[in-house]
Chemist: 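If you scroll down you'll find the structure; I have some questions about it.
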Number of protein chains: 2
Amino acid sequence: MAKFKLDEIDHQILDMLIQNTRVPFTDIAKKLLISAGTVHVRVKKMEDAGIITGSSLMVDYEKLGYSFIAYVGVFLQNTSQTQFVLERINEIPFVTVAHITTGKFNIFCKIRAKDTQHAKEVIFMIDDIDGVYRTETMISLEESINDKKRLMSSIFRDI
Amino acid sequence: MAKFKLDEIDHQILDMLIQNTRVPFTDIAKKLLISAGTVHVRVKKMEDAGIITGSSLMVDYEKLGYSFIAYVGVFLQNTSQTQFVLERINEIPFVTVAHITTGKFNIFCKIRAKDTQHAKEVIFMIDDIDGVYRTETMISLEESINDKKRLMSSIFRDI
DNA sequence: GGTGAAACTTCTAATAA
DNA sequence: TTATTAGAAGTTTCACC
């Protein structure tokens, strides 16, 4: 995985766009004392380099009735089945992320569901996958996402 | 937490914007056979209702040199310290999400770091918080995020 | 590399249906 | 609630530093 060198301007452009993808390039330009054309060129360059991979809307899923979050640890009968099971898990809607992990579990994933009843259905789908020995669930009582500030590219730059 | 009723058009607008926030309203309008003005009004309504909470750029942090992901389970000396410790954890950069959970751990969080050395520093910062008894780390060997399709609002609509 | 201005596209709000 | 429309605003290109 190559490591790209971004300069201060690139990082600041990224930071502004991470906070709000719809901030006008003209505003970015004004703030950084460069031209809108330059912002455009730099963004394009970062897109071409694969550093910017897309953009997404933040949606409040709780407001849509999906307020149940849990983490599910998966034990396999045999580690050779890891890739296969990971793919099956990824096919289940409401599983938002899945990892192959070291430690206690073979696979570890996060689910977002409507309520406990709905979560049960999702967890049973995982349990039913061939090769899954058993699962262990941790229910989230409260999720606290780090400020966007912390997810910003600035903290990922070399100091 | 109130549950909002979105119609089919709203969900499709959300879906298109979740996949790419910069898709022109005129394109959305064309695809859904409505006017751009209508798209504008509906998006504004969802923003006002708090369903749309913002937008963000997707960045490939691996390309920026941050390829280490781990989950850290935290045991507290006393559950009364939960909120306090959660806040301290949230102050640590590179902790991207933190949860209060049922089950084995009191708090459970995800970190993104540069390498094992850097991750060690982050984990030690968690260990050093007052009230933390000990931690348990699971290293992610492979992260597999569900297609955007699965995170889309469509699957969160009532059937 | 960056700029600034022109040409083009999109947004937005008011009006009308 | 939706459509139309026109002026405002944003994006993108390009000749020139």
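Atoms considered below: every heavy atom in the structure, side chains included; atoms not considered: hydrogens, waters and symmetry mates. In what follows, chains are A, B, ... by sequence order, proteins preceding strands, each numbered from 1. Note that the structure is predicted; figures quoted are calculated from it, not measured.
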Chemist: Decide, yes or no, whether a salt bridge links B/K104 with A/E136 under the criterion of side-chain N to carboxylate O below 4.0 Å.
Modeler: no
Chemist: Looking across every strand, which nucleic acid part, if any, lies under 4.0 Å from A/T38 by heavy atom: base, sugar-phosphate, or nothing?
Modeler: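 Base contact.
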Chemist: Please work out if B/K45 contacts a base, only the sugar-phosphate, or nothing of the nucleic acid, heavy-atom cut-off 4.0 Å.
Modeler: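 Here B/K45 touches the backbone only, sparing every base.
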Chemist: Is there a side-chain contact between B/K31 and B/D27 (heavy atoms, below 4.5 Å)?
Modeler: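 Side chain of B/K31 against side chain of B/D27, heavy atoms only: no contact under 4.5 Å found.
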Chemist: With a 4.5 Å heavy-atom cut-off, do A/T116 and A/K120 have their side chains touching?
Modeler: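 They are not in contact (no side-chain heavy atoms under 4.5 Å apart), so the answer is no.
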Chemist: In terms of the nearest nucleotide of DNA chain C, which residue is placed more toward the 5' end: A/I34 or A/R22?
Modeler: A/I34
Chemist: Tell me the closest heavy-atom pair linking B/I107 and B/L86, and the distance in Å.
Modeler: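 Looking at all heavy atoms of both residues, the closest pair is CD1-N, 3.8 Å.
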Chemist: Using whole Å, report how far CG of B/L33 lies from P of D/dT4.
Modeler: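 Rounded to the whole Å, the gap is 12 Å.
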Chemist: Whole angstroms only, please: what is the CZ-P distance between A/F25 and D/dT11?
Modeler: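 Atom-to-atom, A/F25 to D/dT11, this comes out as 6 Å.
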Chemist: If you pin B/P24 and B/K44 to their nearest nucleotides in DNA chain C, which one's is more 5'?
Modeler: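 So the residue in question is B/P24.
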Chemist: Expressed in angstrom and rounded to an integer, what is the separation of A/I28 atom CD1 from D/dA9 atom P?
Modeler: 18 Å
Chemist: Could you list where the contact with chain B starts and ends along DNA chain C, reading 5' to 3', using a 4.0 Å heavy-atom cut-off?
Modeler: C/dT10 to C/dA13
Chemist: Taking the side chain as everything from C-beta on, heavy atoms only, tell me whether B/F68 gets closer than 4.5 Å to B/I139.
Modeler: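 The answer is yes; the side chains approach within 4.5 Å.
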Chemist: Closest approach to the side chain of A/H40, judged atom by atom: which nucleotide of D/dA3, D/dG10, D/dT13 is it?
Modeler: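 Taking heavy atoms from C-beta onward, the closest nucleotide is D/dT13.
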Chemist: Does OH in B/Y133 sit with more than 12 non-hydrogen atoms of other residues, nucleotides or ligands closer than 6.0 Å?
Modeler: no
